[in-house]
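Protein chains get the first letters and strands the later ones, always in sequence-line order, with residue 1 at the start of each. Treat the numbers as computed from the prediction; the structure is a model and nothing was measured. These numbers come from the heavy atoms of this one structure, side chains and all, not from hydrogens, waters or symmetry mates.
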Amino acid sequence: MHIHAYEKFWLAASILLILLLIGSVTYGAVGPGVAMVADSEPPIDAQGLDEDERFSEPRVEQVGENHYAAYVVAYQFGFEPSPIVVPENSRVTFYITSRDVIHGFEVAGTNANTMVVPGEVSEITVETDGPEEYGLICNEYCGAGHHVMEGKVHVVSQEEFEERNSGGDDA
Amino acid sequence: MGQNQAAHASTDDVSGDEEFDPIGTLTLIGIYFVILLLAWVYIYYIEFLGRDLVVVG
Amino acid sequence: MSGAVESKQSFVDKYPEEARIVRAALLSSFLALVLGAIFGIIQTLHRTDVARIIPSTDYYTLLTAHGVFLAISFTTFFLVGLFTWALVRSLDRPLLNTKITWTWYAIMATGMTMTGVAILAGFVDSIDMSADVLFTFYAPLQAHPLFYAGLAVFIVGTWIAGADFFRTWLAWKREHPDERIPLQTFMVLTTMAMWYIASSAVAASVLLFLLPWSLGLIDQVNPTLTRTLFWFFGHPVVYFWLMPAYLLWYTVLPKIAGGRLFSDPLARVVFVLFLLLSTPVGIHHQYLDPGIAEGFKFISMTNTMFLLLPSLLTAFTVVASVEYGARQRGGTGLLGWLTDLPWRKPEFTGMMLAGLMFAAGGFSGMVNAGMNINYMIHNTIWVPGHFHLTVGTAVALTFMAATYWIWPQISNKAIYSRSVGLFQVVLWFIGMALMSNAMHAQGMMGVPRRTAEPEYSGFDYPVMFGGFEELNIQIAIGGTLLFVSTVLFIANLVLTMGNPETTGLAESLPPALSGPSDSPRVLDSLRLWFGIALTLVVLAYALPLAAIINRGGLLGPGVGTYPAWTTPVLDALAGAVTPLVGVVGDVTASLVGVIG
């Protein structure tokens, strides 16, 4: 098949570009260790969240040395708990599920972003830095009140975290 | 039908005769390639990986 | 002799019935464009808080209409009209049976009307019918059954259109047994072949799950399953939009530039690549879905990156064809030839600007495709920023530009005002540049898409490439320019339709510089490529779909997993494929280890 030399060159450059893109993404997965939201958590009954130990009482709790779990329920039209208070400089695993329809969970301006599907639990682990207040947005259309569905994620100092959590966080 | 016959006649004329070298295209697309590369490196390594709350698990 | 007389006959002179069909399809397309544009301007001004004239809850009705009318109706009706023209013109023969043609057109129109009514009824409180589910209609959000039924009817109409095209080609083939498929026909057939594969999943989702569920025949559906079936269709549909635009860039734009297509064989290769690769990539729209394994997402990512190839090749071939035209007109120098082009012609400038904008859209597409970088922009307004560059400009602007060229040939009426046409296409480009640029910037700040009010009470967005309010103004201005441009386009067309008929409007298309005979015959083996495409789709989707059904049940938790006898079969399949995936993963990891 007749292909002009320049076009052959461009074909090679294109393939190189594609490999570079795949390589970058692979690097992201392997180097900094960016992990994708996946099927790590077993399916759940969206109608039965009250019977689930994690989601009947959405909260943040310590689960390991500097490792915290945040159990979050998304619903029409808000998030529980709100605000989600987590300590600075720690590892936080969010477990998020929905009571009704598909929602989004986006910590505005950051890389913490996931779909929230009824029947499934989204598990994402992040490392917090210094104290910061983030907005939490539902970024998947979920009905007439979608635009008022918001929450907060507060990264606070260790002392403040203990203070706010000591009363039991069932906001 | 007529169209195809005309096509055969013309390609016989052109190929092997004077080959058109799209050097302008190569230049333009080369510039595009460089822009893509730089933009990608910026947006992936600086913007994306530099953000808060990277998902690591 | 007879060739010379025929070349003076326009398309409508030679094929009056087919021309009527093409006009009908294009007009249906533009009706959808008008409605979509009206909703678009209301949305733009509402979202940016410039003018909120409707309650925010109605915004979602508007948005559903905007998405469905523009991304399904406008695009598809234009496609079937354009393809009818291209097929008949390149085969130089009429359609097999125009009764069938009018039938599929009527079916499509009926389906779209059904869906449209269901959506628009959402504005009327007294009618208990609505479809506020957006273009993607994700369950458990539910629309009125008429919405789903209309979509199914519409899709069936397009299937019959495809059959019509194939049958007409086969009739031609019987009369021309050893000839290569003419390029435009080749493009029509490969696109429709891809469409059959792509639309099958969403048709299944609608007919097996969503429609019965909305009728109350079944209790619930599996949201992840119906979502996945949607995106099985949802990615290739963008190529269904793009491939008609590519047909125009490859076969018509060179002519308008005064040149010839640089390479017919490469154009064929590109279309075959789209047939093969468009569908096995849908999971890249679900990178952040729970319930889908990372391995499937990674495979989708690599497939998607390779899907860049046909578009990158297209950029070269199309620009080279235009450069050829410029040099034929006397253009010289490395880049100086760019001035020796017919920039005064709206059809030329429109398509060139569309292509330029597509180059930018390609970049944001790469970011979308980049699996983990998706965290940064998923479901933000970056995504609409991206697709307004691609379907919104590369496709829509090309379609408008092409109309200036093709309408005279299918109606024997000259365009009312070519200068308004030129102004309109440039205005579109400027409006889109402003709007889309601001959307990308806001997306990087985390501003969400698909919302009536992106400002929140509890927090402010970070200031990045401009402030939130500034960028809102930019979006509003851009959107307004787009609306004005649309009005000018439609007005120009309506006034054109009022023009008297005339002669001398025929246009012919020159042969390619490198013709079909320069390519291997195997390219024309549609059956082979269709078979490979099907195989790739099965490989990409069998395991994910099986896993999703196994996790959540066919109809939702606890309701009907797939029959037990299929378990050993699927296990065997998984057993065969997993080591392969593992090897790929290992090789990649070690490569990274060597480099990193």
In a table with atom names and distances, give each donor-acceptor pair under 3.5 Å that connects a side chain of residues 50-57 of chain B to protein atoms at least two apart or in another chain.
residue : atom : partner : partner atom : Å
B:R51   : NH1  : A:G109  : O            : 3.4
B:R51   : NH1  : C:M444  : O            : 3.2
B:R51   : NH2  : B:E47   : OE1          : 3.4
B:R51   : NH2  : C:M444  : O            : 2.6
B:D52   : OD2  : A:Y134  : OH           : 2.5

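- Of the listed residues (A:T114, A:V107, A:D129, A:V25), the one with the most heavy-atom contacts under 4.5 Å to chain B is A:V25.
- Proximity to chain B involves both the backbone and the side chain of A:V34, based on heavy atoms less than 4.5 angstrom apart.
- With a 4.5 Å cut-off on non-hydrogen atoms, B:F48 touches chain A through its backbone and its side chain both.
- The distance from atom CH2 of B:W40 to atom CG of A:L21, rounded to the nearest 0.5 Å, is 5.0 Å.
- The heavy-atom pair separating A:S24 from B:Y44 by the smallest distance is O-OH, 3.1 Å.
- Within the 4.5 angstrom heavy-atom criterion, atoms from both the backbone and the side chain of B:I29 approach chain A.
- When the candidates B:D21, B:L37, B:L49 are compared by the number of heavy-atom contacts under 4.5 Å with chain A, B:D21 comes out ahead.
- Proximity to chain B at a heavy-atom threshold of 4.5 Å picks out A:H4, A:Y6, A:F9, A:W10, A:A13, A:L17 from residues 4-17 of chain A, in numerical order.
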